[in-house]
Amino acid sequence: MAKLTKSTLVSTLLIMLVASFTPPARAQCGEISFLEAIQEALDANQALAATRQTLDSQEKEVAIARAKMLPRLTGAGSGIISSGATFSASAGIIPEQTAQAAGLLQQTLYNQAYIDSLGAQKHLYDSQQSDYQNARAQTIAGAGQDYVGVLLAEALLSVQQQNVELTTASVEITKSQEQAGAVLYRDVLRWQSQLYADQQGVVTQKSNVLMSRFTLNQTRNRPSEEVCTLQDLSVERDGFVFSSPSVLEVVSDDAKASVIRDYLVELGVDRSPQIRGLDARIRSQSRTAKSARRWLIPSLEASLAGAVFLKTGGQGSGSADQERDTGDSFWQAQAVLGWNIFDGGQFISSMNLEKAVLHSLHSQRTETATALEESIRGTVAVATASVQNIALSQLQTEAATQNYELVNEAYLEGEANFLELLDSQQQLLNAEKAAMQALYGFLSDLLVVEQSINYFPFMEADANARVRELEARLRE
């Protein structure tokens, strides 16, 4: 009996410690919305900033390629002082002192290589823009997943805490029954043991909340310990096409579900940054390949040069030891026609190389489009199943709640035992967990769909435009 009393005292102290535990004060940021969290992630994400800088660098490459086709003006000035010996050696032709200024104006009139290079750089810039859009979509989806992760962790914590409250109530009821002689003391110990196990679940889930919060704060580039109140999400408001009642009515119809998948595949392939990037690279490579085939086309450049003697002086300047402004000038115009006739096969080999690269890009584009379509169909199928599981999990929770209430009432009247009540409570706990996981699991699956089609309705001016299009197609 002494051991039993000591064990009970230790258990009571543990309960008091858990109940009285107060976490240290942390920074509070108030309430934030889903869109606000994503916008913070877009502003703070370093990987996205690096991709944006790469895009800016490619824009400068376009400017460099364009500059080769624009006029080029060069200015120069010089001053010469010749020694007596040097002057004597020139037989009086070079003055001892000379100052002159010169200018050179050059213009490429026609160079097919420059033209093709500019076109290729423009297409590469389009490709870099697609890479940036892809990185942006990844950032949005990642921040959204982190946000949903926090909501799920907090919801599961709430479920665990409610379960502890139920167990605590059962402990008190069983104690009263034991004092009245209706049950044995071992039933009290069973409930106390279950209470400690449930409290462990709460402690574990609190750590899960912290971990998910740390991840979201890192994505937002905020202090790790900052605590924010997140606005909740719902299928009705945030479910994209699944927020439409007319769409939800037909998701279980295989033929209609196929229409939904077809529509989202068309949308995704049309908006895919990967495919757009490959198309831009194909256009760039096609321009490069054409340029390689044009190696026999001549190039034409023109230049105009001029110089003016500002001053000459000393011997050889017209009169000994005398300086004067001369104003003498000269100019020269030149046109250069360049024509590659034979280069040992380098241009032909380059042409074949560029053609091979172009064929490789076409094959890569086909493979990417096929893989993207398969991926979209798969993610939509998963999201469709997830949204149906929400309703089923709600029915499961309702049934588990009614069962618990009946068994609990029977337990109070002495018509049910410990195991029956505990089993009904565990069923309720599992059902409520399943309901939370179904809801936020669907929202997570939906973000995967939105990333795969590169369309986030919450970032659009008209979030329901695509929903109306799909509803119209389903009516056809």
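Along the sequence shown, residues are numbered consecutively beginning with 1. Note that the structure is a prediction, hence the values are computed from the model and not measured.
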(message) Between Glu178 and Arg186, does any side-chain N to carboxylate O distance fall below 4.0 Å?
(response) no

(request) Please step through side chain to side chain contact (heavy atoms under 4.5 Å, CB included) for the pair Arg136 and Met459, ending with a clear verdict. (result) CA-CA 12 Å; Arg136 184 174 183 272; Met459 304 291 290; 3.5 Å; yes

(request) Kindly say whether Ala356 contributes a backbone atom to a donor-acceptor pair with the side chain of Ser360 at under 3.5 angstrom? (result) no

(message) Quick one about Trp191 and Thr174 (side-chain donor to acceptor, distance below 3.5 Å, no hydrogens or angles considered), yes or no?
(response) yes

(request) Assess whether atom CD of Gln218 is packed by more than 12 heavy atoms of other residues, nucleotides or ligands within 6.0 Å. (result) no

(message) Could you tell me if Ser33 and Gln231 have a donor-acceptor pair between their side chains, going purely by distance under 3.5 Å?
(response) no

(message) What's the separation between atom CG in Leu419 and atom CD in Gln426, rounded to the nearest 0.5 Å?
(response) 11.5 Å

(message) With heavy-atom distances below 4.5 Å as the criterion, would you say the side chains of Val247 and Ile260 are in contact?
(response) yes

(message) Please check if the number of heavy atoms outside Glu367 that lie under 6.0 Å from its CD is greater than 12.
(response) no

(request) Identify the heavy atoms of Ser452 and Thr379 that sit nearest to each other, and give their distance. (result) OG-OG1, 3.6 Å

(message) Is the positively charged end of Arg52 above the ring of Tyr132, judged by distance under 6.0 angstrom from the centroid and angle within 45° of the axis?
(response) no

(message) Could you tell me if the side chain of Ile453 sits less than 4.5 Å from the side chain of Val265, heavy atoms only?
(response) no

(request) Could you tell me whether the side chain of Ser272 reaches within less than 4.5 Å of the side chain of Asn454, counting heavy atoms only? (result) no

(request) Begin from the C-alpha positions of Glu469 and Arg466 and carry the test side chain to side chain contact (heavy atoms under 4.5 Å, CB included) through to its verdict. (result) CA-CA 5 Å; Glu469 288 182 5; Arg466 302 297 182 179; 3.3 Å; yes

(request) Kindly say whether Glu420 contributes a backbone atom to a donor-acceptor pair with the side chain of Asn417 at under 3.5 angstrom? (result) yes

(request) Determine whether Phe242 and Thr384 make a side-chain contact, defined as any pair of heavy atoms from C-beta on separated by less than 4.5 Å. (result) yes

(request) Determine whether the side chains of Asn217 and Ser224 contain a donor N or O and an acceptor N or O closer than 3.5 Å. (result) no

(message) Under a plain distance cut-off of 3.5 Å, with no hydrogens placed, do Asp198 and Gln160 share a side-chain donor-acceptor pair?
(response) no

(request) Say whether, by atom type as modelled, one donor and one acceptor occur between the side chain of Gln396 and the main chain of Ala435 under 3.5 angstrom. (result) no

(message) As an exercise, state the distance from OG1 of Thr204 to CG of Leu157, rounded to the nearest 0.5 Å.
(response) 11.0 Å

(request) For residues Leu372 and Gly268, report the shortest heavy-atom separation together with the two atoms involved. (result) CD2-O, 4.0 Å

(request) State, yes or no, whether a side-chain contact exists between Ser243 and Glu236 at a heavy-atom distance under 4.5 Å. (result) no

(message) Taking the basic N atoms (NZ, or NE/NH1/NH2) and the acidic carboxylate oxygens, is any pair closer than 4.0 Å for Asp262 and Arg473?
(response) no

(message) If we ignore hydrogens and angles and just use 3.5 Å, is the side chain of Ser393 paired with the main-chain N or O of Asn389 as donor and acceptor?
(response) yes

(message) Please tell me whether Gln425 and Thr167 have a donor and an acceptor in their side chains that are separated by less than 3.5 angstrom.
(response) yes

(message) Please tell me whether Asp146 and Thr215 have a donor and an acceptor in their side chains that are separated by less than 3.5 angstrom.
(response) no

(request) Would you mind reporting whether Cys228 and Glu31 have side-chain heavy atoms less than 4.5 Å apart? (result) no

(request) Kindly indicate, with the supporting measurements, whether the criterion side chain to side chain contact (heavy atoms under 4.5 Å, CB included) is fulfilled by Phe34 and Leu233. (result) CA-CA 8 Å; Phe34 183 63; Leu233 303 175; 3.8 Å; yes

(message) Determine whether a donor-acceptor pair (N or O, by modelled atom type, separation under 3.5 Å) exists between the side chain of Ser193 and the backbone of Leu189.
(response) no

(message) Side chains of Tyr440 and Asp232 only: does a donor on one sit below 3.5 Å from an acceptor on the other?
(response) yes

(message) Between Asn134 and Ser130 (side chain of the first, backbone of the second, donor and acceptor by atom type, cut-off under 3.5 Å), is there such a pair?
(response) no

(request) Look at Asp279 together with Arg276 and state whether they make a salt bridge at an N to O cut-off of under 4.0 Å. (result) no

(message) Quick test of your reading of the model: are Arg377 and Glu373 salt-bridged, counting only N-O distances below 4.0 Å?
(response) yes

(request) Would you sort out whether Asp43 and Arg220 count as a salt bridge (Lys or Arg N to Asp or Glu O under 4.0 Å), showing the intermediate values? (result) CA-CA 8 Å; Asp43 294 339; Arg220 296 168 52 228; over 6 Å; no

(request) May I ask you to decide if Leu474's main-chain N or O and Lys256's side chain share a donor-acceptor pair within less than 3.5 Å? (result) yes

(request) Establish, from distance only, whether the side-chain atoms of Gln138 and Gln451 form a donor-acceptor pair under 3.5 Å. (result) no

(request) To the nearest 0.5 Å, tell me how far Glu450 CD sits from Tyr455 OH. (result) 9.5 Å

(message) Quick check: Phe240 with Phe456 (ring centres under 6.0 Å apart)?
(response) no

(request) First locate atom CG of Leu166, then atom CD of Gln194, and finally report the distance between them rounded to the nearest 0.5 Å. (result) 11.0 Å

(message) Could you measure the distance from the CG atom of Leu443 to the CG atom of Leu447? Nearest 0.5 Å is fine.
(response) 7.5 Å

(request) With the side chain counted from C-beta on, respond yes when Gln161 and Lys206 share a heavy-atom pair under 4.5 Å apart, and no when they do not. (result) yes

(request) Mind listing the closest non-hydrogen atom pair of Phe442 and Ala383 along with its distance? (result) CD1-O, 3.6 Å

(request) Enter the distance from Asn408:CG to Ile173:CD1 here, rounded to the nearest 0.5 Å. (result) 5.5 Å

(request) Assess the side chains of Gln427 and Asn430: does a donor N or O sit below 3.5 Å from an acceptor N or O? (result) no

(request) Using a strict 4.0 Å threshold on nitrogen-to-oxygen distance, state whether Arg213 and Glu154 make a salt bridge. (result) yes

(request) Please report the C-alpha distance between Ser244 and Leu470 in whole Å, then the side-chain angles of each, then the deciding distance to 0.1 Å, and finally whether the side chain to side chain contact (heavy atoms under 4.5 Å, CB included) criterion is met. (result) CA-CA 10 Å; Ser244 167; Leu470 178 57; over 6 Å; no

(request) Work out which heavy atom in Tyr404 is nearest to a heavy atom in Ser424; give both atom names and the distance. (result) CD1-OG, 3.5 Å

(request) Assess whether side chain to side chain donor-acceptor pair (under 3.5 Å) is satisfied between Gln205 and Asn208, documenting all intermediate values. (result) CA-CA 5 Å; Gln205 190 56 39; Asn208 293 337; 3.2 Å; yes

(request) Could you check if a side-chain atom of Thr397 sits within less than 4.5 angstrom of a side-chain atom of Thr401, using non-hydrogen atoms only? (result) yes

(message) Can a donor-acceptor pair be found, under 3.5 Å and without considering hydrogens, that links the side chain of Ser258 to the backbone of Asp254?
(response) no

